[in-house]
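Below you'll find the structure, written out as structure tokens, and then a few comments.
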Protein chains: 2
Amino acid sequence: MPPLPVTVDSVILTVLEGTLQVLLVRRMDSPFVGLWALPGGFVRPEEPLENAAIRELRESTGVDEVYLEQLYTFGQPQRDTRGRVVSVAYVALLAADRCPIKPQRLEAEVRWWPVYELPELAFDHGAMVEMSLQRVRTKLEYTTIGFQLMPEAFTMAQLQSVYEVILDRSLDKRNFQRKLSLLGLVEPTGDVRKEGRGRPAQVFRFRDVDFVHLRERGIHVPF
Amino acid sequence: MPPLPVTVDSVILTVLEGTLQVLLVRRMDSPFVGLWALPGGFVRPEEPLENAAIRELRESTGVDEVYLEQLYTFGQPQRDTRGRVVSVAYVALLAADRCPIKPQRLEAEVRWWPVYELPELAFDHGAMVEMSLQRVRTKLEYTTIGFQLMPEAFTMAQLQSVYEVILDRSLDKRNFQRKLSLLGLVEPTGDVRKEGRGRPAQVFRFRDVDFVHLRERGIHVPF
DNA sequence: GGAATAGTGTCTTTCAGACAATATGTT
DNA sequence: AACATATTGTCTGAAAGACACTATTCC
């Protein structure tokens, strides 16, 4: 049976300027020249799929230590107009403060786009973004996946804001903090931070840096 | 970039004789001759991935209308000793009464194996089975995926038994029935069935034949 | 009547969800 | 003192989880 070209494409997400944003690159080659697309590329002959995703990630962002999760494999014969290409899509979550790419460089060839104001995307990349949003929203409720988008130290307001941005709805401050402290996943660093002219906020850090499946601990977290 | 051979492998599950069973075929060719493996094969040049999975399913079971869901894509370079092969794994759920393959044909080259007593499997198929069990168990709690394993008409005891077999623990009869009737997903057909020498059981059918994401309806179903 | 299986109801505890007042800092 | 932001507690309703008895049929 003839082999098929295999690519990886990554939906790289971050929270920047109060919105969930995805990294896109402008296509320089045919097909879809000039359209925006997810960063991706061909898998090398001896390269594990995940390594290919990490490599593409490093090439497009300069970062290589991020949360990475396989999303889905897209293999419709017509998804690439040049001929059949199978693409393994990944989702990456990147804390904004660890990313060298600055926001809103409108003329750049690589930039963040707010997920609710996307341009037309090449290939089936629109479907990939859509699926990744669903995945992240769902996992936000029963894992600590959201923590991957936070800096090491943060205030409760910042953390809640990230959850609100991803879920696209507002949350009750009191219920949010109650659940979070009930989970015991964060602890105060002892510092405080002055955000404006109000009362300074306590600064927190995560106890477990690692990804945690709350459901496997019998915990459900409907924020 | 050189293309790669792409296969699909299916973890086909059913509940038979009170256990969760997976369909395996004995390998006739190198590598791993004589070992058991998941049914699978190469994707054809113009064939969508899911169609390839359906085709392999039909070839191994004779059935082609089943619940089918993409599981994960395995692409470690060493997973096939002949050279690199990327495999897209699928999970299929098959109602036992719709399957022509009979249980316990010990000498056969294609047979059901209880998932808790598996032989050594070829390639990384053991990992595929493991991952599919996790997936199915998780989805059992917030979707109607379990219904795919039931015949059209069934008793409550049968339905509960399927849940117990998959989750590998016993459930409370009263709580199970309460939740199920609360969901409104089943209705009595009006018939009764004599299972042995006790009181006859009511026969039920599903209202929605289709797969339902209960979470999208705001429902959580921790059986 | 005894055995086998089906079917049903209550109580307790936990937690999600809605809701408002107080505390601590800046200007 | 006015303002801004942070922090904390209560009540209610829903449902998960534990638990035991009654109903119907066959022998």
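Order of the sequence lines sets the chain letters (A, B, ...), proteins ahead of strands, with each chain counted from 1.
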>> Between B:Asp124 and B:Ala127 (side chain of the first, backbone of the second, donor and acceptor by atom type, cut-off under 3.5 Å), is there such a pair?
In response: no
> Atom CG of B:Leu167 to atom C1' of D:dA16: distance rounded to whole Å?
Replying inline: 15 Å
>> Donor-acceptor pair, distance only, cut-off 3.5 Å: does the side chain of A:Arg79 make one with the backbone of A:Val86?
In response: no
> To the nearest angstrom, how far is B:Lys179 atom NZ from D:dA14 atom P?
Replying inline: 17 Å
>> So, OP1 or OP2 of C:dG7: does either fall under 4.0 Å of a side-chain N or O from B:Gln202?
In response: yes
> Whole-Å distance between D:dT7 P and A:Phe176 CZ?
Replying inline: 13 Å
>> Return a single string for nucleotides 19-27 of chain C, one symbol per nucleotide in 5' to 3' order, where B is base contact, S is sugar-phosphate-only contact and - is none, cutoff 4.0 angstrom on heavy atoms.
In response: BB--BBBS-
> Which class fits the ring pair B:Phe206 and B:Phe147: parallel under 30°, tilted 30 to 60°, perpendicular over 60°?
Replying inline: parallel
> Checking A:Thr189 side chain against A:Asp191 main chain: does a donor-acceptor pair fall under 3.5 Å?
Replying inline: yes
> When the distance from CG of B:Leu180 to C1' of C:dG7 is rounded to whole Å, what number comes out?
Replying inline: 14 Å
Pair up each side-chain donor or acceptor in residues 68-75 of chain B with any protein partner under 3.5 Å, not counting sequence neighbours, and list the distances.
residue, atom, partner, partner atom, Å
B:Glu69, OE1, B:Tyr67, OH, 2.3
B:Glu69, OE1, B:Lys139, NZ, 3.1
B:Glu69, OE2, B:Arg135, NH1, 2.6
B:Glu69, OE2, B:Lys139, NZ, 3.3
B:Thr73, OG1, A:Thr73, OG1, 2.4

> Rounded to whole angstroms, how far apart are CD on B:Gln158 and P on C:dT5?
Replying inline: 14 Å
> Over how many whole Å does the gap from B:Leu159 atom CG to C:dT5 atom C1' extend?
Replying inline: 17 Å
>> On DNA chain C, does the nearest nucleotide to B:Thr155 precede the nearest nucleotide to B:Arg178 from the 5' side, or the other way round? Give the residue.
In response: B:Thr155
>> What is the separation between atom CG on B:Leu183 and atom C1' on D:dA15, rounded to the nearest whole Å?
In response: 12 Å
> Could you give the CG-to-C1' distance, from A:Leu182 to D:dT8, as a whole number of Å?
Replying inline: 15 Å
>> Quick test of your reading of the model: are B:Glu109 and B:Arg26 salt-bridged, counting only N-O distances below 4.0 Å?
In response: yes
